[in-house]
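Below you'll find the structure, written out as structure tokens, and then a few comments.
Quick note: numbers below take in every heavy atom, side chains included, and nothing from hydrogens, waters or symmetry partners. Note that the numbering runs from 1 along the sequence shown for the chain.
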Amino acid sequence: MTSSAPPGLARFNAVDDRDAAATLREVCASRAWGAAVAAGRPYATVGELLDAADAAMAGLTADDLAEAMAAHPPIGRPAPGDTASAREQSGVRDAERAELLELNLAYQERHGHVFLICATDRTGEEMLAALRERIHHDADTEREIVRTELGKINRIRLTRLTETLTDTRAETRAESRTETLEAPRAPAEGER
């Protein structure tokens with residue numbers, strides 16, 4: 001592990017291989033992608049981690065991409081308890097959900113997988129427009145668009161992961177300081 005890595009990245013670099021794989025599966029369900037990213041540790045910067053993630057994404061086979069996509073819920077209907085997808089799809093209004101789901105079913109029928117788009121900072125109308133366009137693509141074109149969109153999602157999730165690991169560490173330090181401040185003080189000699 002490099003000592004110059006930001007705290008959240010240093011924590012990611014320090015976990016054992018099993019924990020790194022589990023952490024990376026929360027970012028992207030492709031085992032091949034996770035193995036490639038984990039194998040590149042330690043990373044000195046978040047930029048290096050993101051570059052490794054991009055390189056791993058570029059090397060995924062069609063089956064690896066299918067494995068990654070299988071973990072993504074349809075746009076407009078995040079899985080219960082899936083806070084990442086719910087946060088990423090927050091631009092979808094209730095009025096758009098029915099059309100998104102209907103078009104997603106048609107897309108799935110044509111392409112064999114859910115419509116995948118990096119939903120962060122996109123409105124429901126923007127996602128509907130992309131879905132209306134992409135439903136007509138051939139399989140090869142769509143697979144490369146999916147690869148690009150999945151790469152964007154992974155970059156956002158990895159960045160958030162390194163920030164979360166940093167925040168967790170800061171919270172732990174703050175809790176330790178509070179416990180130290182609040183711990184009863186032993187009486188000094190002569191105070192008994």
Next on the checklist: As an exercise, state the distance from CD1 of I135 to CD of E109, rounded to the nearest 0.5 Å.
Outcome noted: 9.0 Å
Item to check | Non-hydrogen atoms of E125 and R132 that approach each other most closely | outcome: OE2-NH1, 3.2 Å
Next on the checklist: According to a hydrophobic-cluster definition based on side-chain heavy atoms being under 4.5 Å apart (Ile, Leu, Val, Met, Phe, Trp, Tyr only), do V146 and L128 belong together?
Outcome noted: yes
Next on the checklist: Do L150 and I145 sit in one hydrophobic cluster, given that two such residues count as connected whenever their side-chain heavy atoms are within less than 4.5 Å of each other, even indirectly?
Outcome noted: no
Checklist outcome for this item: Here the side-chain hydrogen bond (donor to acceptor under 3.5 Å, both in side chains) pairs for residues 47-58, sequence neighbours left out, are D54-R155
Next on the checklist: Taking E142's backbone N and O only, do any of them form a donor-acceptor pair with R134's side chain (distance below 3.5 Å, no angle check)?
Outcome noted: no
Next on the checklist: Checking D63 now: which residues fulfil side-chain hydrogen bond (donor to acceptor under 3.5 Å, both in side chains) with it, not counting sequence neighbours?
Outcome noted: none
Checklist entry - Donor-acceptor pair, Y43 side chain versus A5 backbone, under 3.5 Å? => result no
Item to check | D17: side-chain contact (heavy atoms from CB on, under 4.5 Å) partners, not counting sequence neighbours | outcome: R41
Checklist outcome for this item: Contacts of D16 meeting side-chain contact (heavy atoms from CB on, under 4.5 Å) (sequence neighbours excluded), chain-then-number -> R18, D19
Checklist entry - Going from NE2 on H136 to CG on L131, what distance comes out if it is rounded to the nearest 0.5 angstrom? => result 9.0 Å
Checklist entry - Taking only residues at least two apart or on different chains, which pairs with a member in residues 144-154 satisfy side-chain hydrogen bond (donor to acceptor under 3.5 Å, both in side chains)? => result E144-R147, E149-K152
Next on the checklist: Tell me every residue that passes side-chain contact (heavy atoms from CB on, under 4.5 Å) with E102, counting only those two or more places apart in sequence or in another chain.
Outcome noted: none
Item to check | L24 and W33, any side-chain heavy atoms less than 4.5 Å apart | outcome: yes
Checklist entry - In chain order, what residues pass the side-chain hydrogen bond (donor to acceptor under 3.5 Å, both in side chains) check against D140, with sequence neighbours excluded? => result R143
Checklist entry - Are the side chain of R11 and the backbone of P6 linked by a donor-acceptor contact shorter than 3.5 Å? => result no
Item to check | Minimum heavy-atom distance I156-C118, with the two atoms named | outcome: CD1-SG, 3.5 Å
Next on the checklist: Hydrophobic clusters here meaning ILVMFWY residues chained together by side-chain heavy-atom distances under 4.5 Å, can you tell me if L100 and V114 are in one?
Outcome noted: no
Next on the checklist: Taking L158 as the starting point, is it possible to reach M57 by hopping between hydrophobic residues whose side chains are less than 4.5 Å apart?
Outcome noted: yes
Checklist outcome for this item: Taken in chain and number order and not counting sequence neighbours, the residues that satisfy side-chain contact (heavy atoms from CB on, under 4.5 Å) with E67 are R25, S30, R31
Next on the checklist: Counting C-beta onward and ignoring hydrogens, is there a side-chain heavy-atom pair between L116 and I153 closer than 4.5 Å?
Outcome noted: yes
Item to check | Partners passing side-chain hydrogen bond (donor to acceptor under 3.5 Å, both in side chains) against N104 (at least two apart in sequence or in another chain) | outcome: none
Next on the checklist: Return the OG1 to CG distance between T162 and L9, rounded to the nearest 0.5 Å.
Outcome noted: 6.5 Å
Checklist entry - Just how far is it from atom CD1 of I117 to atom CZ of R122, taken to the nearest 0.5 Å? => result 3.5 Å
Item to check | Sidechain N-carboxylate O distance under 4.0 Å for E26, R160 | outcome: no
Checklist entry - Taking only residues two or more places apart in sequence, or in another chain, which ones meet Q108 in a side-chain hydrogen bond (donor to acceptor under 3.5 Å, both in side chains)? => result none
Next on the checklist: My understanding is that only residues two or more places apart in sequence, or in another chain, count here; which of them pass ring pair (Phe, Tyr, Trp, His ring centres under 6.0 Å) with F12?
Outcome noted: none
Item to check | Donor-acceptor pair, side chain of E126 and main chain of T123, under 3.5 angstrom | outcome: yes
